[in-house]
Amino acid sequence: MLSIKNLHALAGEKQVLNGLDLEVGAGEVHAIMGPNGSGKSTLAQVLAGREGYTVTGGTVTYKGKNLLELSPEDRAREGVFLAFQYPVEIPGVNNVYLLKAGLNAIRKHRGESEMDAFEFLTLIREKMKLMQMDESFLNRGVNEGFSGGEKKRNEILQMSVLEPSLALLDETDSGLDIDALRVVAAGVNSLRSPERAIVLVTHYQRLLDYIEPDHVHVLSGGRIIKSGDKSLALELEKRGYDWVKQEAAA
Amino acid sequence: MSTVAAKNTVSPLERYKMAFESRWQGNDELTALRHAALEQFLSAGFPTQRDEAWKYTNLRRLESRSFTPAETSALDAHQPEWLATAGTRIVLVNGHCLPALSSQVAQPPGVTVLTFKQWIEHEPAAVAAYLKEQDQLTGNALEQLNLAFFEDGVVVNLADNTILDEPVYIVHQSTSSAAQRMSHPRIVVRAGRNARATIIEHYLGANDAEYFTNAVTRFDIAAGGAVKHFRVQQESPRAFHIGHVQTKLAKDARFSIHDIALGASLGRSGITALLEGTGAHAALFGLFAPMGNQHLDAHTRLDHIAAHTTSEEDYRGIAGGRARGVFNGKVIVRPDAQKIDARQSSRNLLLSPTAEIDTKPELEIYANDVKCSHGATTGQLDATALFYLRSRGLSESDARAALIRAFAESILATIDLEPVHAALEKQIDERFKLVNEAKA
Ligand SMILES: Nc1ncnc2c1ncn2[C@@H]1O[C@H](COP(=O)(O)OP(=O)(O)O)[C@@H](O)[C@H]1O
Ligand SMILES: [Mg+2]
């Protein structure tokens, strides 16, 4: 589904990604772990097409297409979804407007008809229940005045409405208490399917207790320096990152 | 040779003089007033940028045109949409009331709504007396020009304690036959003690017509009265629009205006409120959105003459293309006017690197026990928010339109008259979708 080869990229003026390789297949869940500043969010932003992040080398192929050529909205319409590490507050733009406009744009791209108001509301109600969010959130500004945990839940709500093929979650778990973590994990797990791939960026093994990854990667210095299975995450939790770095340097 | 050429060229002001002389003869009192106003206009001339109040707005292009008084006409086949309001509707076509298009509902006792022409016909002496008294309020040359040339308009009188539940909707429609013409409508609203009314003025024009609207609207609100005014300027994109709104507020009177400017090539609204009685309150909300090469200027003046008067002012500007916006908000607190509370905010959004908005708050405070605050900001669309919306599948133009609407929403949300609110939301959305698509 996603094939990243020798990716080099700048965040602003700063060289952050230095030859990153990653292969993600349909149906798989990958976890990317790594110290602060190692380039995890940069990778996520590059994949979502954020301005100010410049690819200087390498390729990213998504469903056989050159992902880097697509506008951010076309990536979304092709099924790429990024749950932001820091979701943006947009006062004056309704949550429900965003969900509806996003969903309809994606459906139109797929050649499907727009959802009518009733269908849409039924869908939203069901998803909000799953995320244990009150319906009053719908008519508030996007993330406006939401607590940290509410913002993260709202990201997953959007994801579950938009039903992406490739979901990138950038530290969706940080700042969540254990109950919120369970809700978020349930939301993510409900999307797991043989056609979808999920990439979780996280600092903590904790999330992986709820969303079990097939592969775990360590990102350091802008490259994947080690990959393994679930047990690697447990080992990182115990021993930190230094041993991996030393091993990679050797 | 050159002297001959110079003699043959009629100066812009002379053209107004000639137009006047071919229109207004006779020696009645009203014509005398018009004449005096014309003389004042001619001796002052069009304001120039050396005049502090016109620093950012150059009228030379307007001055160079030779507009003649507009005549009424049939409506064009492609007619811009009017608001679907209940109540009385009075339609002026090219500055002249057209009863056939108007719909007068039965007014409650104590309320009269008539056209200015009717008033002049029935009570010429009262009109002259009224204008003479009002005339002293202004030294503005363009208001004098209106007085010299005005032909029609609307007069609303509310006796004490009368309440007009439904708005009076005044449509100022300029048609394609207004091209190269000018109109000087005049609106007078006199609200008695504790009277209440809502007055909508809607200026619309045929696309492509270049014409000049120079309107004067006067509100006189007696003690305890309350007037809400909505002023929606959607003139033709080639038009010149100068609007003067002046309100006098007696004790405990309340006035609010929504000054919305979307149309015209060059537009200016000058809003003045004189808070003459204690407890008076004026609220000024404005939204101006020049695009392309438009120039829109909002000029407000809140004059706290009496103690214990309050005002709030919230203006937002959105400029795109090579457009220019101007906000000038003056607050005056007179020497004996203690216990004043005046808040002003001006927020501006630039959609392109070649757009410009000049904002100039001015406080003139001669009393010491006052609370005055003002804030002005100018920024661009938030790139992070834009990316966030696009990352959810919205096109760049939809994402921009949503953020622009959100910016305008804080003004639109204060419009508690649904037909006006709904029409403006639609206008704003269509306008910025169009602009964005043109950009893409
Ligand atoms: N827009 C930017 N401009 C300049 N430097 C940036 C920008 N974004 C991130 N960086 C820097 O790039 C490095 C990697 O950041 P990031 O990808 O956010 O790391 P992580 O998510 O792994 O903590 C950090 O040193 C960070 O300060
Ligand atoms: Mg990060």
Side-chain angles (χ1 to χ4, degrees), chain A residues 44-53 70-110 140-144 151 154-155 157-159 161-164 166-168 170, chain B residues 285 287 289 314-318 345 347-349 351-353 375 377 379-415 421-422 424-433 436-437 439-440:
Chain A
Q45 301 285 351
V46 165
L47 294 178
R50 174 82 179 261
E51 225 173 274
Y53 291 78
L70 301 180
S71 66
E73 55 269 39
D74 280 340
R75 297 180 197 202
R77 292 166 186 178
E78 290 284 336
V80 177
F81 181 93
L82 168 62
F84 285 58
Q85 183 174 3
Y86 303 108
V88 187
E89 292 199 25
I90 315 181
V93 176
N94 263 345
N95 243 336
V96 69
Y97 166 81
L98 174 57
L99 288 166
K100 196 166 182 184
L103 180 61
N104 279 332
I106 290 168
R107 288 175 66 96
K108 195 170 154 201
H109 185 78
R110 292 185 196 140
R140 285 170 60 179
V142 172
N143 295 317
E144 185 182 6
K151 284 180 182 164
N154 201 30
E155 294 292 287
L157 172 71
Q158 292 172 5
M159 181 179 87
V161 170
L162 301 180
E163 301 190 320
L166 173 65
L168 311 162
D170 192 359
Chain B
F285 300 98
L287 180 65
D314 193 353
Y315 262 76
R316 296 211 168 192
I318 305 170
S345 148
R347 302 239 265 143
N348 301 292
L349 178 62
L351 301 178
S352 87
T377 59
Q380 284 144 27
L381 285 179
D382 179 352
T384 312
L386 208 52
F387 174 67
Y388 187 81
L389 296 176
R390 292 174 73 191
S391 78
R392 284 2 181 190
L394 275 71
S395 68
E396 186 176 1
S397 82
D398 283 346
R400 287 172 65 94
L403 294 180
I404 293 167
R405 159 83 101 84
F407 180 80
E409 194 56 37
S410 68
I411 298 298
L412 299 181
T414 63
I415 298 178
H421 181 251
L424 285 175
E425 280 196 334
K426 197 172 142 219
Q427 280 293 328
I428 297 284
D429 287 353
E430 281 171 5
R431 187 176 182 80
F432 292 104
K433 277 252 170 73
N436 288 335
E437 268 151 29
K439 222 181 108 103

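By convention in this document, chain letters (A, B, ...) are assigned in the order of the sequence lines, proteins followed by strands, and residues within each chain are numbered from 1. Everything numeric here is computed off the predicted structure, so don't read it as measured data.
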Asker: Relative to chain A, which of B:Ala406, B:Ala413, B:Ser410, B:Ala408 shows the most heavy atom pairs under 4.5 Å?
Answerer: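 The option with the most such pairs is B:Ala406.
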Asker: Indicate the atoms forming the closest heavy-atom contact of B:Glu396 with A:Glu73, along with that distance.
Answerer: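 Of all heavy-atom pairs spanning B:Glu396 and A:Glu73, the closest is N-OE2, 3.2 Å.
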Asker: Might you confirm whether atom CZ of B:Arg405 has over 12 heavy atoms from other residues, nucleotides or ligands at distances under 6.0 Å?
Answerer: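 Yes, because the 6.0 Å sphere around CZ of B:Arg405 holds more than 12 heavy atoms from other groups.
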Asker: What are the two closest non-hydrogen atoms of B:Arg392 and A:Ala83, and how far apart are they?
Answerer: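 Closest approach of B:Arg392 to A:Ala83, heavy atoms only: NH2-CA, 4.2 Å.
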Asker: Check whether any side-chain heavy atom of B:Thr384 sits under 4.5 Å from a side-chain heavy atom of A:Tyr86, and report yes or no.
Answerer: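 Counting from C-beta outward, B:Thr384 and A:Tyr86 never come under 4.5 Å.
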Asker: Out of curiosity, A:Ile106 CD1 to B:Leu394 CG, how far, rounded to the nearest 0.5 Å?
Answerer: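 Answer for the CD1-CG pair, A:Ile106 versus B:Leu394, is 9.0 Å.
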Asker: Quick check for you: among A:Pro91, A:Pro87, A:Gly49, which has the greatest number of heavy-atom pairs under 4.5 Å with chain B?
Answerer: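 Answer, by heavy-atom pair count under 4.5 Å with chain B: A:Gly49.
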Asker: Select one option (side chain, backbone, both, neither) describing which atoms of A:Arg75 are under 4.5 Å from chain B's heavy atoms.
Answerer: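 Neither; nothing under 4.5 Å.
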Asker: Show the nearest heavy-atom pair for residues B:Ala402 and A:Val93, with the distance to one decimal.
Answerer: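 Heavy atoms only, the tightest pair is O-CG2, 3.5 Å.
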Asker: What distance separates A:Glu155 CD from B:Tyr388 OH, expressed to the nearest 0.5 Å?
Answerer: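 If I round to the nearest 0.5 Å, the distance is 3.5 Å.
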Asker: Can you give me the closest heavy-atom contact between B:Ser391 and A:Phe84, atom names plus distance?
Answerer: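 Heavy atoms of B:Ser391 and A:Phe84 come nearest at OG-CE1, 3.5 Å.
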Asker: Most heavy-atom pairs under 4.5 angstrom with chain B, which of A:Leu98, A:Asp74, A:Val142, A:Asn104?
Answerer: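 Most heavy-atom pairs within the cutoff with chain B belong to A:Leu98.
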Asker: Under a 4.5 Å heavy-atom cutoff, which of A:Met159, A:Arg77, A:His109 has the most pairs with chain B?
Answerer: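 Ranked by contacts with chain B, first place is A:Arg77.
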